[in-house]
Amino acid sequence: MSIYKLLPPCKDYLWGGRRLVDEYGIKYDGKVCAEAWMLSCHRDGECVVDSGRFAGKGLSEVIKAKGKEVLGTNCSKYSDFPIMIKLIDAREKLSLQVHPDDAYALNNEGQYGKTEVWYILDADEGACLYKGFEKDITSEEFIERVINGTLSDVIHKIYVKKGDVVFVPPGTLHAIGEGILLAEIQQSSDITYRISDYGRLGADNKPRPLQIIKALEVLDFHKDAKAPNFDGHLCSCDYFTVDAYKVSSEKSYFGEANDSSFVSLIVTEGDGEVSNSKESFKVTKGDSLFISAGSGDFTVNGNLDLICTRVRSK
């Protein structure tokens, strides 16, 4: 096999909803499904293969059995699986937070930092994201505003709609607002330094912990920068390249999984079929496929929307 359908681990964070289960067909028995990790080998949640020889096994077992060649040469520089893709249903707003870069995270946390991009799949009217600052501030001003509760006065707010893309480099203060469903493509890291959680209580009926001291060490206090040019891609950075495709009866998608990287396909609307010269998979909204590097050409037919992700040579 070279194409593997994956089942995601899910997270029941208190701010989440039910849309991933009800609308995307994600298999989960809990009351709240805030996140579905559609591509993950992370220790905090790993995808499981849905069928075939490795059915019921974690994706990492496929890689161990088949060899790291299935990841591609662009992944050879990483000691761990390099990226993670999540679907996130924000029924309520997420905490204000920041992620460290690789240098800080490897030195202090023993794993990679987090660069990420958000692709908006749906948003309520007036829904917004929070990203960076409206103006340059100092660390002293930041601390003062955290203490007196006025930090929101200087945070850059971005109103979003379906199809929007927001790039979040490490060091950027950010939060997802309520009423947004998005795909998050990121480095394979779960390091978050929480700055504010609006006084909410966790499952233990206690305030969730904050990491303001660590946040101070990694935050970029400059005004939010203009969005970069991704050269025709949805996003292309040092770690991954992401594209979105609309497949129809008049327009198939012809792709290639060459030796440089595996390919991740996430179906965000519709249904169809993904096939290569040896195998074929029926797919529908909410499905995730891992296609091995070096497996060659593949075709997507049907009426569906896709997110296609590859690891980039840094």
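These numbers were taken from a predicted model, which means no experiment stands behind them. Numbers for residues simply follow the sequence, beginning at 1.
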In short, salt bridge (Lys or Arg N to Asp or Glu O under 4.0 Å) pairs touching residues 195-209 with sequence neighbours left out are Glu92-Arg200, Asp197-Arg200, Asp197-Arg208
Looking only at heavy atoms, the pair that brings Ala105 and Pro100 closest together is CB-CG, 3.9 Å
#### Entry: Under 3.5 Å donor-acceptor, Gln211 side chain and Arg194 backbone
yes
Starting from Ile213, can I reach Ile137 by hopping between I/L/V/M/F/W/Y residues whose side chains sit under 4.5 Å apart? no
For Thr138 and Glu141, indicate whether the former's side chain and the latter's backbone hold a donor-acceptor pair under 3.5 Å.
yes
Quiz item: Are Leu7 and Leu20 co-members of a hydrophobic cluster defined by side-chain heavy atoms under 4.5 Å apart?
Solution: no
### Task
Establish whether Tyr112 and Val242 are linked, either directly or via other cluster members, by ILVMFWY side-chain heavy-atom contacts under 4.5 Å.
yes
So, Glu140 side chain and Ile143 main chain: donor-acceptor pair closer than 3.5 Å or not? no
Checking Lys161, Arg19, Lys162 against Asp122 for side-chain hydrogen bond (donor to acceptor under 3.5 Å, both in side chains), the one that qualifies is Arg19
Glu46 meets the salt bridge (charged side-chain N to carboxylate O under 4.0 Å, His left out) criterion, sequence neighbours left out, with none
- Is the backbone N or O of Gly16 less than 3.5 Å from a side-chain atom of Arg91, with the two atoms forming a donor-acceptor pair by type? yes
Side-chain heavy atoms under 4.5 angstrom apart, residues restricted to Ile, Leu, Val, Met, Phe, Trp, Tyr: same cluster for Ile83 and Leu306?
yes
Residues pairing under ring-ring contact (aromatic ring centres under 6.0 Å, His included) where one sits in residues 263-292, two or more places apart or in two chains, turn out to be Phe262-Phe290
Residue pairs meeting ring-ring contact (aromatic ring centres under 6.0 Å, His included), one or both in residues 148-167, sequence neighbours left out, come to Phe167-Phe230
Sequence neighbours excluded, the answer for side-chain hydrogen bond (donor to acceptor under 3.5 Å, both in side chains) partners of Ser252 is Asn301
From the list Leu71, Asn74, Thr73, Val263, side chain to side chain contact (heavy atoms under 4.5 Å, CB included) with Val311 holds only for Asn74
Only residue of Leu216, Leu173, Leu210 satisfying side chain to side chain contact (heavy atoms under 4.5 Å, CB included) with Ile195 is Leu173
Here the gap from Ile120 atom CD1 to Leu182 atom CG, rounded to the nearest 0.5 Å, amounts to 4.5 Å
The side-chain hydrogen bond (donor to acceptor under 3.5 Å, both in side chains) partners of Asn229 (sequence neighbours excluded) come to none
Residues 92-111 vs ring-ring contact (aromatic ring centres under 6.0 Å, His included), sequence neighbours excluded, gives His99-His174
Output for pair (Ile266 CD1, Thr309 OG1), nearest 0.5 Å, gives 7.0 Å
Worksheet item: If Ile, Leu, Val, Met, Phe, Trp and Tyr residues are connected whenever their side-chain heavy atoms lie under 4.5 Å apart, and connections chain through other members, are Ile85 and Val49 in the same group?
Response: yes
- Task: Please assess Glu109 against Lys214 for the test salt bridge (charged side-chain N to carboxylate O under 4.0 Å, His left out), listing each intermediate value before the final yes or no.
- Result: CA-CA 11 Å; Glu109 308 287 358; Lys214 285 187 174 181; 2.9 Å; yes
Rounded to the nearest 0.5 Å, the OG1 atom of Thr241 sits from the CZ atom of Arg310 at a distance of 8.5 Å
- When you measure from the side chain of Ser248 to the backbone N and O of Lys251, does any donor-acceptor pair fall under 3.5 Å? yes
Q | Lys285, NZ: over 12 other non-hydrogen atoms inside 6.0 angstrom | A | yes
In terms of side-chain geometry, is the basic nitrogen of Lys5 or Asp287 positioned less than 4.0 Å from the acidic oxygen of its partner?
-> yes
dist Ile88:CD1 -> Cys33:SG (nearest 0.5 Å) comes out at 11.0 Å
Residue pairs meeting ring-ring contact (aromatic ring centres under 6.0 Å, His included), one or both in residues 15-68, sequence neighbours left out, come to Tyr13-Trp15
**Message:** Below 30° counts as parallel, above 60° as perpendicular, anything between as tilted: where do the rings of Tyr253 and Tyr245 land?
**Reply:** parallel
In short, salt bridge (Lys or Arg N to Asp or Glu O under 4.0 Å) pairs touching residues 63-82 with sequence neighbours left out are none
query: Salt bridge or not for Lys93 and Glu178, using N-O below 4.0 Å?
result: no
Just by modelled atom types, is the Ala215 backbone N or O under 3.5 Å from a matching donor or acceptor in the Glu217 side chain? no
Taken in chain and number order and not counting sequence neighbours, the residues that satisfy salt bridge (charged side-chain N to carboxylate O under 4.0 Å, His left out) with Glu134 are none
Is a side-chain donor-acceptor pair under 3.5 Å present for Ser95 with Gln97? yes
Hits for side-chain hydrogen bond (donor to acceptor under 3.5 Å, both in side chains) against Arg43, two or more places apart or cross-chain, chain-then-number order -> none
Q.
How about CD on Glu144, more than 12 heavy atoms from neighbouring residues, nucleotides or ligands closer than 6.0 Å, or not?
A. no
With sequence neighbours left out, the residues meeting side-chain hydrogen bond (donor to acceptor under 3.5 Å, both in side chains) with Lys131 are Asp224
query: Are the side chain of Glu279 and the backbone N or O of Ile3 linked by a donor-acceptor pair below 3.5 Å?
result: yes
